[in-house]
Asker: 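Can you read through this structure? Questions will come right after.
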2 protein chains.
Amino acid sequence: MSILDNLLADSLRPRRNNHLASRGGVQPLRNSHDHVVAALGSAIVSGTFAQGAHLPGEDALLARFTVSRTVLREALKTLAAKGLIVSRTRVGTRVLPRQHWNLFDTDVLSWHVVEGVESSLRAELTDFRFAIEPAAAALAARHATAGQIAQMRELVAAMAAAQDSRLAFAQADLALHQLIGQASGNRLMAGTGAVIETALFASFTLSSPVDDRADHAASVRGHAAIVEAIAARDGVAAAEAVRGVIRHGQERIDAVEQRQGEIKKHER
Amino acid sequence: MSILDNLLADSLRPRRNNHLASRGGVQPLRNSHDHVVAALGSAIVSGTFAQGAHLPGEDALLARFTVSRTVLREALKTLAAKGLIVSRTRVGTRVLPRQHWNLFDTDVLSWHVVEGVESSLRAELTDFRFAIEPAAAALAARHATAGQIAQMRELVAAMAAAQDSRLAFAQADLALHQLIGQASGNRLMAGTGAVIETALFASFTLSSPVDDRADHAASVRGHAAIVEAIAARDGVAAAEAVRGVIRHGQERIDAVEQRQGEIKKHER
DNA sequence: ATAGTCATATTATATGATTATATGATATTT
DNA sequence: AAATATCATATAATCATATAATATGACTAT
């Protein structure tokens, strides 16, 4: 389940009969386990539980969430597996320092962006993409199969067709970038999908090329350039085309942020 | 606990009283949970359980591992958190396709290299480092604090001093590369530590600069060049120095592989 | 002072029961 | 005949409670 999917699903899906103590019911619940994981995960990432701090003991957490010990412990194991916490007998459960958190985990990264992506993280995402994606595209130019290239062209067509739907555009955009990762033949580069997804989600919520006809055309053109460079087996051109697309996206975000900054100034 | 640490620890640590059915006792056990996680995790990564295949049901796994349902389920949640499996009521627990596996997780990556790193993965690791680490070093040239630079110099000194210890050299090497990631100020780049660690582990097991006096000197010089470029706030030079170091390491590995290939040919 | 012993708090593990849910078979309706 | 609803069943999800292992700090003995 992707972040983009969740965006829709969370707003459309009917609320389940809430068998937990109704505590506002703000978040849509999947099941107890996911609920606890999400609640604790966001709390940790947002700093409610500081790095190195002790989480409340099992009994306290049980009281807070109204779940069984089984569910709570499985949730804690999930968080431990993602590098957020470590539990030790007699000493308790502590929050690990940030450097242990697995930022390449979709959940962990998404907990960083529940309230929109802070601009510093957005910049880091861009820097990271700038390092990885051109290299991935260059490799894809060597290794992409004919089938993959055909798929890429379909996705570019889908982006072109999505003139009126931010979501449809973003989905095709994401799929294309992830397909390039796949086509690189490098499992690690393909594995950075969560990062790309979050970065696109961040830009998707702020603004979309779809909002402006010229922007939309430019973005489609840029992505088409990547695909055609790959099809032509020109790694250097593919890498450069990717840089252009990332740069273009960043500039659009920068413009929006600037405008928002202005508005805030006026409001004061 | 790092891979490098494990190398030592696993061979030195006395075997615990094995309260599980003694099934060979090959692996050193930490606790039941970790044991089950490691067993199932390696089995999945090695293909014993194919992608998309169903894991045996809870009862079957309970019988196989002789642990309680609690332990088994917590282990499965751990694997699910790392993207290896997904459990659904009535349908069972299935192995997810590779692209869901979180390769930036130290455990998952280490399960790929239990029997030495296959050379294709090694090449991918190198390509990935080549994309990320120069960029990280360039950023570190901008953002590293005086304290971090001092630490880097200490680590270079430690590498120089470790003339006779593969392990000590590898530890300082790893610490330096990870510190550069930290100093980049980019949380994602810093988060690729697991990848770097595995790559260094791979080269460490094959050969070490320590084995050859000239190699050792060259490696120390290369790393010193990185640090001094960062200290001089020269991002371009830092990036290039990193490329040199990675290239040098790769060449050493290539040479070893070539030699091993020759030997195998002779053996036939 | 140092090392050993012990009480205690906390997670780790075990067990048996109940509940929720997806699947496939079957019946019902259109 | 085809679509839809109902039901039985298998499987994981959850619950409740009990026991074991282990790290900490106080205490004791050397």
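Since we're looking at a predicted model, the values are computed, not measured. First the proteins, then the strands, lettered A, B, ... as listed; each starts at 1. As a basis for the values below, the full set of heavy atoms in this structure was taken, side chains included, without hydrogen atoms, waters or symmetry mates.
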Asker: Checking side-chain hydrogen bond (donor to acceptor under 3.5 Å, both in side chains) for the pair A:Asp173/A:His177: CA distance, chi angles, key distance, verdict?
Answerer: CA-CA 6 Å; A:Asp173 193 356; A:His177 284 276; 3.1 Å; yes
Asker: Under 3.5 Å, is there any donor-acceptor pair linking the side chain of B:Thr70 to the base of C:dA14?
Answerer: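 Answer yes: a donor N or O sits under 3.5 Å from an acceptor.
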Asker: Expressed in angstrom and rounded to an integer, what is the separation of B:Leu72 atom CG from C:dT15 atom P?
Answerer: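 Result: 13 Å.
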Asker: OP1 or OP2 of D:dA13 versus the side-chain N and O atoms of B:Arg73: is any pair under 4.0 Å?
Answerer: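 The answer is yes; a side-chain N or O of B:Arg73 sits under 4.0 Å from OP1 or OP2.
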Asker: Distance check needed: D:dA12 P versus B:Ile85 CD1, whole Å only.
Answerer: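 The distance from CD1 of B:Ile85 to P of D:dA12 comes to 11 Å, rounded to the nearest Å.
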Asker: From the list D:dA23, C:dA22, D:dT14, which nucleotide is the closest neighbour of the side chain of A:Val71?
Answerer: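 When the side chain of A:Val71 is considered, D:dT14 is the closest of D:dA23, C:dA22, D:dT14.
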Asker: In whole Å, I'd like the distance from the CG atom of B:Asp59 to the P atom of D:dA12.
Answerer: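 So the CG-P distance, B:Asp59 to D:dA12, works out to 8 Å.
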Asker: Give, for atom CD of B:Glu124 and atom CG of B:Leu103, the distance between the pair rounded to the nearest 0.5 Å.
Answerer: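 It comes to 8.5 Å.
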Asker: Measure the distance from CD on B:Glu74 to P on C:dT11 and round it to the nearest whole Å.
Answerer: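 Value for this atom pair: 13 Å.
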Asker: For Watson-Crick and G-U wobble pairs within 3.5 Å on both distances, what is DNA chain C written in dot-bracket notation, | included for inter-strand pairing?
Answerer: ||||||||||||||||||||||||||||||
Asker: Distance from A:Gln171 atom CD to A:Glu197 atom CD, nearest 0.5 Å?
Answerer: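 The distance works out to 10.5 Å.
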Asker: Below 3.5 Å, can you tabulate the donor-acceptor pairs from side chains in residues 151-159 of chain A to any protein atom, sequence neighbours excluded?
Answerer:
residue	atom	partner	partner atom	Å
A:Arg153	NE	A:Glu228	OE2	3.0
A:Arg153	NH2	A:Glu228	OE1	2.9

Asker: Whole angstrom is fine here: how far is it from CG in B:Leu62 over to P in C:dA14?
Answerer: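 Checked: the CG to P distance equals 10 Å.
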Asker: Hey, are A:Asp127 and A:Arg122 close enough for a salt bridge, meaning a charged N less than 4.0 Å from a carboxylate O?
Answerer: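 So A:Asp127 does not pair with A:Arg122 through a salt bridge.
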Asker: Output all residues satisfying side chain to side chain contact (heavy atoms under 4.5 Å, CB included) with A:Ser42, sequence neighbours left out; order by chain, then residue number.
Answerer: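 In terms of side chain to side chain contact (heavy atoms under 4.5 Å, CB included), with neighbours along the sequence ignored, A:Ser42 is linked to A:Trp111.
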Asker: Can you tell me if B:Ser32 touches the phosphate of C:dT13, counting only side-chain N or O atoms and a distance under 4.0 Å to OP1 or OP2?
Answerer: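 So the side-chain polar atoms of B:Ser32 do come within 4.0 Å of the phosphate oxygens OP1 or OP2 of C:dT13, strictly under.
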Asker: Rounded to whole angstrom units, what separation is found between the CZ atom of B:Arg88 and the P atom of D:dA13?
Answerer: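 Atom CZ in B:Arg88 sits about 10 Å away from atom P in D:dA13.
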Asker: Within this structure, what is the CG-to-P distance between B:Leu76 and D:dA12, rounded to whole angstrom?
Answerer: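 After rounding, the gap between these two atoms is 9 Å.
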Asker: If only side-chain N and O atoms of B:Arg69 are considered, is one of them under 4.0 Å from the OP1 or OP2 phosphate oxygen of C:dG16?
Answerer: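 Result: no.
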Asker: Which donor-acceptor pairs under 3.5 Å do the side chains of residues 85-94 of chain B make with protein atoms, sequence neighbours left out?
Answerer:
residue	atom	partner	partner atom	Å
B:Ser87	OG	B:Thr93	OG1	2.8

Asker: Taking side chain to side chain contact (heavy atoms under 4.5 Å, CB included) as the definition, give me every residue that meets it alongside A:Val195, ordered by chain and number, with sequence neighbours left out.
Answerer: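 Here the qualifying residues are A:Phe104, A:Leu109, A:Leu125, A:Phe128, B:Leu188.
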Asker: How close or far is atom P of C:dT13 from atom NE2 of B:His33, stated in whole angstroms?
Answerer: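 Roughly 8 Å, once rounded to whole Å.
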Asker: Mind running a 4.0 Å heavy-atom check of residues 89-98 of chain A against DNA chain C and sending the residues that fall below it, in number order?
Answerer: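 Per residue number, the list reads A:Thr89, A:Arg90, A:Gly92.
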Asker: So, for B:Glu74 and B:His33, which heavy atoms are closest and what is the spacing to 0.1 Å?
Answerer: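 Result for this residue pair: O-NE2, 3.6 Å.
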Asker: Tell me which nucleotide among D:dA12, C:dA12, D:dT14 gets nearest to the side chain of A:Ser87.
Answerer: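 Closest nucleotide among those given: C:dA12.
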